[in-house]
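Beneath this line is the structure, given in structure tokens, with notes to follow.
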Amino acid sequence: MTDDAFPRDPEAPEPSKPPVTPVTPVTAGASSATPAASVPAAPEAPRPPAYTPGSAQPRLNRPVHERYPQIRPTSGYGDPRITRTGPGPGAGTEQEPERSSKLTARLTLALTVVIGQLWGLTIVVDEWMAGDTGTAWWGAGFLCLSFLVVLGLWLLDPKDR
């Protein structure tokens, strides 16, 4: 495996090398009048090869229908079996707005009762842990009553199930 994330095409031409500037060595007795000459220049990152369309491998330069025989001319837009492009305008709109509003109202009531039950359960558990069992029993009765409300909503209209 190579160290590079994108390995080179073995048949591609070699990229050109950047010019190397020679560095003059500093002698022990020389003055430091030119400090830039004494520090070696950081090597430049190699530039990627210039993009050229096509590939050095002839098998990759074939036409698309030869490279991918599974793609047929009738695939997609040219397929005669496709007569419509999609659901069309108005797709996703409610066909029975009365039923939708009724279900939305029922769902809103049920979610309100569930949130009330969670709140009541928190209060009941806090009171029970504090030792006030009388309040906890009243809270448990509230939770049972709210459950019966949801059950009544469910039994209200059996044809919607």
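In this chain, numbering begins with 1 at the start of the sequence shown.
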| said: Test question: given the 4.5 Å side-chain rule for I, L, V, M, F, W and Y, name all other residues clustered with Leu111, or answer none. | reply: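 Cluster partners of Leu111: Leu107.
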
Ignoring hydrogens and angles, write down the donor-acceptor pairs under 3.5 Å from the side chains of residues 141-150, residues two or more places apart or on other chains.
| unit_1 | atom_1 | unit_2 | atom_2 | d |
| --- | --- | --- | --- | --- |
| Ser146 | OG | Gln117 | NE2 | 3.0 |
| Ser146 | OG | Phe142 | O | 3.4 |
| Ser146 | OG | Leu143 | O | 2.8 |

Show me the side-chain donor-acceptor pairs of residues 122-137 shorter than 3.5 Å, one per line, residues at least two apart or across chains.
| unit_1 | atom_1 | unit_2 | atom_2 | d |
| --- | --- | --- | --- | --- |
| Thr122 | OG1 | Leu118 | O | 2.9 |
| Asp132 | OD2 | Thr135 | OG1 | 2.7 |

